[in-house]
Amino acid sequence: QVQLIESGGGLVQAGGSLRLSCAASGRTFTDRAMGWFRQAPGKEREFVAAITWSAGTTYYADSVKGRFTISKDNAKNTVYLQMNSLKPEDTAVYYCAASARLSDDKNYVKNWGQGTQVTVSS
C-alpha cells in the first residue's frame, strides 16, 4: 500500500505563506488522486484540496479557493500544497491522503500521512 510522508509545516504570521509536500511511495493504479485534509483541535477532519495524478484536475474547498494551490510532480511522486494569505483559522494538522478518486469525501481515502502542524499567528 502507498506510504505518504508530509513535510513543510510550521509557524507563520497571518498573511504569510507555507508550502507542504507529500511524497508517495508504493503508489498503484487505484490511487488516482491525492488530497489534503486538515483537522483543528476539537473539530472534524475537513477537506482542503485534491488533484488527480493523470490529468492534474484540481478541486478545492471554498474556504481556501484563491489562496491555496495544489500541484504535483509525477516524476517525484510528490504532491504540494502552496498556502498563501494564511489566516489564523487555517491553523490545523494537515494530512496528505491517497484517494481512489477526486473527491472531498473521506470515505474514498485509502491511506493517510502522519500529519504536519501548521500554525498561523495573528
Side-chain angles (χ1 to χ4, degrees):
Q1 65 182 23
V2 64
Q3 290 186 320
L4 306 172
I5 305 295
E6 300 117 331
S7 60
L11 173 64
V12 65
Q13 288 188 332
S17 299
L18 281 175
R19 189 176 82 154
L20 306 182
S21 299
C22 176
S25 60
R27 185 167 63 94
T28 71
F29 72 96
T30 61
D31 300 312
R32 295 184 174 87
M34 292 288 290
W36 289 94
F37 290 75
R38 66 187 181 186
Q39 188 166 17
K43 295 187 177 181
E44 290 192 2
R45 193 170 297 188
E46 65 175 7
F47 171 74
V48 175
I51 188 168
T52 59
W53 281 113
S54 54
T57 304
T58 58
Y59 179 36
Y60 294 94
D62 288 343
S63 59
V64 305
K65 205 171 293 184
R67 299 188 298 123
F68 291 10
T69 302
I70 189 169
S71 61
K72 64 182 178 70
D73 184 331
N74 286 54
K76 296 181 179 180
N77 277 330
T78 299
V79 173
Y80 305 96
L81 185 68
Q82 178 66 43
M83 305 184 293
N84 298 328
S85 302
L86 282 161
K87 305 175 181 180
E89 51 263 44
D90 294 318
T91 295
V93 177
Y94 282 70
Y95 296 91
C96 179
S99 298
R101 60 182 295 176
L102 187 72
S103 175
D104 58 4
D105 189 342
K106 293 189 290 292
N107 289 320
Y108 289 107
V109 174
K110 299 172 63 184
N111 295 94
W112 295 97
Q114 81 282 2
T116 184
Q117 177 71 45
V118 171
T119 303
V120 184
S121 63
S122 58

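In this chain, residues are counted from 1 in sequence order. These numbers come from the heavy atoms of this one structure, side chains and all, not from hydrogens, waters or symmetry mates.
Contact check on Lys87 versus Asp90 returns no salt bridge, with no Lys/Arg side-chain nitrogen under 4.0 Å from an Asp/Glu carboxylate oxygen.
Among all heavy-atom pairs drawn from Asn107 and Asp105, the shortest one is N-OD1, 2.8 Å. Considering every non-hydrogen atom in both Ala92 and Ala40, the closest pair reads CB-N, 3.8 Å. Closest approach of Ser85 to Ser17, counting heavy atoms only: N-OG, 4.4 Å. The shortest heavy-atom contact between Val64 and Val48 is CG2-O, 3.5 Å. Here the shortest heavy-atom pairing between Ser103 and Ala50 reads O-CB, 4.4 Å. For the residue pair Cys22 and Met34, the shortest heavy atom distance occurs at SG-CE, 3.7 Å.
Donor-acceptor pairing under 3.5 Å is lacking for the side chains of Glu89 and Thr91. Neither side chain, Asp73 nor Thr78, offers a donor N or O lying under 3.5 Å from an acceptor on the other.
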For Tyr60 and Phe47, run ring-ring contact (aromatic ring centres under 6.0 Å, His included): C-alpha distance rounded to whole Å, both residues' side-chain angles, the deciding distance at 0.1 Å, then the answer. CA-CA 8 Å; Tyr60 294 94; Phe47 171 74; 8.3 Å; no
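Note on Val12: it does not cluster hydrophobically with Tyr80, by side-chain heavy-atom contacts below 4.5 Å among ILVMFWY residues. A continuous path of ILVMFWY side-chain contacts below 4.5 Å connects Leu20 to Ile70, so both sit in one hydrophobic cluster. Hydrophobic clustering (side-chain heavy atoms under 4.5 Å, transitive across Ile, Leu, Val, Met, Phe, Trp, Tyr) groups Leu4 together with Trp36. When the side chains of ILVMFWY residues are joined at heavy-atom separations under 4.5 Å, either directly or via intervening members, Ile51 and Val109 end up in two distinct hydrophobic clusters. Val93 and Met83 are assigned to two separate hydrophobic clusters, defined by single-linkage of ILVMFWY side chains at heavy-atom distances under 4.5 Å.
Thr69 places none of its side-chain heavy atoms less than 4.5 Å from the side chain of Leu81. Under the 4.5 Å side-chain criterion, counting only non-hydrogen atoms from C-beta, Arg101 is not in contact with Arg32.
Counting non-hydrogen atoms of neighbouring residues, nucleotides and ligands closer than 6.0 angstrom, the NZ atom of Lys43 reaches no more than 12 such neighbours.
Within the 3.5 Å criterion, the main-chain N or O of Ser25 finds no donor-acceptor partner in the side chain of Gln3. Listed for the Thr119 side chain is no donor-acceptor partner under 3.5 Å among the backbone atoms of Leu11. Looking at Arg19, its side chain never comes within 3.5 Å of a backbone N or O of Gln82 through a donor-acceptor pair. Without hydrogens or angle criteria, Lys72 side chain to Trp53 main chain gives a donor-acceptor distance under 3.5 Å. A donor-acceptor contact shorter than 3.5 Å links the side chain of Glu6 to the backbone of Gln114.
Between Phe37 and Trp112, the two ring planes are perpendicular [angle over 60°; tilted spans 30° to 60°].
Thr58 OG1 to Phe68 CZ: the interatomic distance, rounded to the nearest 0.5 Å, is 14.5 Å. For the atom pair NZ of Lys110 and OG of Ser99, the computed distance is 9.5 Å after rounding to the nearest 0.5 Å.
Judged by the 6.0 Å and 45° rule, Arg38 forms no cation-pi pair with Tyr95.
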